[in-house]
Amino acid sequence: MADTIFASARAEDPLASLSAAPEGALAIITHVEGPSYRPVGAMMAVLPGGGRIGMLSSGCIDGDVALHAAEALTDGAPRRLRYGAGSPFMDIELPCGGGLDILILPRPDQAVLARAVAAREARKTISLVVEPDGRLLEEPAGRAATGLEGDRFHLSLTPDLRFLVFGRGPEAATFAAFVRSAGWPIEAFSPDPESLLGSGAVVTALPRPIMPDVAVDPWTAIVLFFHDHDWEPEILKGALTTTAFYIGALGSQRARRVRSARMRELGVSEADIARARGPVGLIPSARDPRTLAASVLAEVLGEAQRIPL
């Protein structure tokens, strides 16, 4: 989804950092020509003393952007920079080619930043706009696609991806560890919590096969890792009443057929049954827990790119 920016999965977030640093500057990619390491809307905070949170490139321009940010903080004027094709900075090359436009905002409104951070923490969407004079404002009319509209730049921020994992054993534990190591929020539920020890996820005991009362939104993925497939139908029935963008379960094609038949008996509609993916993963018949976990995570992230605005 090229016109929406997921909130950072890293603990150090540019907006959160600047909301606590009134003397900092915010640098934003406003336009890309050709290939680019980071998308339009990517942000970097430049803090007092030159510290940087976030990144706009693989390292080829971030240091130079920080120097221009320091100048902007001195005179209080926004900066609009061009790198690559058409740039006056001939000594700075973009390995990817193309062109990159960067906007630097010195001392952006901290109240606006705080509202953006609060929206992220509450898993709500928020849209910001940069006016031609460099003021950062909240969009009063709701979300607009990230990008330039005349002289105004719109920035649409959505919640981070979030994972709910159900299951037991090495597949569930390895998947949870992968997600946790990447920094995404995750909650795990298991009839055998000890089998997920070491995953880094918060694990809640699941004494019976039922979908727990847990908040789910359109940026949540629900994945089941059970070899005892009798656990799946009731959990999936509850999961399919939510707005989760991805719902899937481990198992073979035969397991899917049996699972689907049981869900029909439970009154689940054919449309909802079709929403439940299975077998999960991009690699057919993956048997190693690490390969399976990577395969499923790649499938989930691919589906995340189709989340509508």
Side-chain angles (χ1 to χ4, degrees), residues 6-13 16 120-123 159-217 219-242 244-252 254-256 258-259 262 276-304:
F6 287 118
S8 172
R10 300 175 58 199
E12 294 182 327
D13 177 68
R120 179 198 63 201
E121 293 177 347
R123 297 194 62 77
D160 204 356
L161 297 183
R162 172 170 167 262
F163 293 78
L164 301 182
V165 175
F166 296 80
R168 54 160 57 116
E171 293 86 2
T174 303
F175 182 82
F178 277 17
V179 172
R180 188 75 178 84
S181 66
W184 284 297
I186 180 171
E187 297 177 56
F189 303 85
S190 177
D192 180 17
E194 290 188 356
S195 70
L196 272 68
L197 289 178
S199 68
V202 174
V203 185
T204 300
L206 192 69
R208 57 195 182 99
I210 191 169
M211 181 71 184
D213 184 14
V214 57
V216 176
D217 56 41
W219 297 273
T220 299
I222 300 175
V223 191
L224 279 62
F225 293 92
F226 288 104
H227 289 283
D228 181 357
H229 298 297
D230 289 342
W231 277 80
E232 298 166 341
E234 291 281 3
I235 296 173
L236 288 172
K237 179 183 178 181
L240 289 166
T241 66
T242 72
F245 77 91
Y246 180 99
I247 300 171
L250 183 70
S252 64
R254 179 182 179 281
R256 176 184 174 85
V258 173
R259 182 167 58 231
R262 177 58 182 143
R277 291 172 175 260
V280 289
L282 298 180
I283 302 174
S285 302
R287 301 186 185 279
D288 173 71
R290 293 172 299 179
T291 303
L292 176 64
S295 173
V296 176
L297 182 56
E299 182 175 83
V300 173
L301 295 180
E303 189 64 23

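- For S295 (side chain) and I283 (main-chain N/O), a donor-acceptor pair under 3.5 Å exists by modelled atom type.
- Of the possible polar contacts, one joining the R180 side chain to the G200 backbone as a donor-acceptor pair under 3.5 Å is found.
- A parallel orientation is assigned to the rings of F166 and F189, their planes being inclined by less than 30° (bins at 30° and 60°).
- Interatomic distance, CD of E232 versus NE2 of H227, reported as 10.0 Å (0.5 Å rounding).
- For S195 (side chain) and G169 (main-chain N/O), a donor-acceptor pair under 3.5 Å exists by modelled atom type.
- Shortest non-hydrogen contact noted between V216 and R162 is CA-NH1, 4.0 Å.
- Here the CE atom belonging to M211 is positioned 7.0 Å from the OG1 atom belonging to T241, to the nearest 0.5 angstrom.
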Q | From CA spacing to verdict: side chain to side chain contact (heavy atoms under 4.5 Å, CB included), V296, V223 | A | CA-CA 9 Å; V296 176; V223 191; 4.0 Å; yes

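- Using bins of under 30°, 30° to 60° and over 60° for the plane-to-plane angle, the ring pair W231/F226 lands in the parallel bin.
- The two residues V165 and F225 come nearest to each other via the heavy atoms CG1-CD1, 3.9 Å.
- Without hydrogens or angle criteria, R287 side chain to L292 main chain gives no donor-acceptor distance under 3.5 Å.
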Q: Please step through side chain to side chain contact (heavy atoms under 4.5 Å, CB included) for the pair V179 and V300, ending with a clear verdict.
A: CA-CA 11 Å; V179 172; V300 173; over 6 Å; no

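- Between atom CG of residue L282 and atom OG1 of residue T291 there is a gap of 12.5 Å, rounded to the nearest 0.5 Å.
- In this structure, E187 and V202 have side chains that are not in contact, with every pair of non-hydrogen atoms separated by 4.5 Å or more.
- Remark: side-chain polar atoms of S190 are not paired, donor with acceptor, to backbone N or O of A205 under 3.5 angstrom.
- Between T242 and T220, the closest side-chain pair of non-hydrogen atoms is not below 4.5 Å.
- When all heavy atoms of A172 and G167 are compared, the pair lying nearest together is CB-C, 4.1 Å.
- Formation of a donor-acceptor pair under 3.5 Å by the R256 side chain with backbone atoms of A276 is found in this model.
- No side-chain heavy atom of H229 sits less than 4.5 Å from a side-chain heavy atom of R262.
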Q.
Applying side chain to side chain contact (heavy atoms under 4.5 Å, CB included) to L301 and W184, what does each step give before you reach the verdict?
A. CA-CA 12 Å; L301 295 180; W184 284 297; 3.8 Å; yes

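- For the atom pair CG of L164 and CG of L224, the computed distance is 10.0 Å after rounding to the nearest 0.5 Å.
- Residues Y246 and L161 have side chains not in contact (no heavy-atom distance under 4.5 Å, counting atoms from C-beta outward).
- Proximity of a side-chain donor or acceptor of T174 to a complementary backbone N or O of E171 within less than 3.5 Å is not detected.
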Q: Please assess D160 against R120 for the test side chain to side chain contact (heavy atoms under 4.5 Å, CB included), listing each intermediate value before the final yes or no.
A: CA-CA 8 Å; D160 204 356; R120 179 198 63 201; 5.8 Å; no

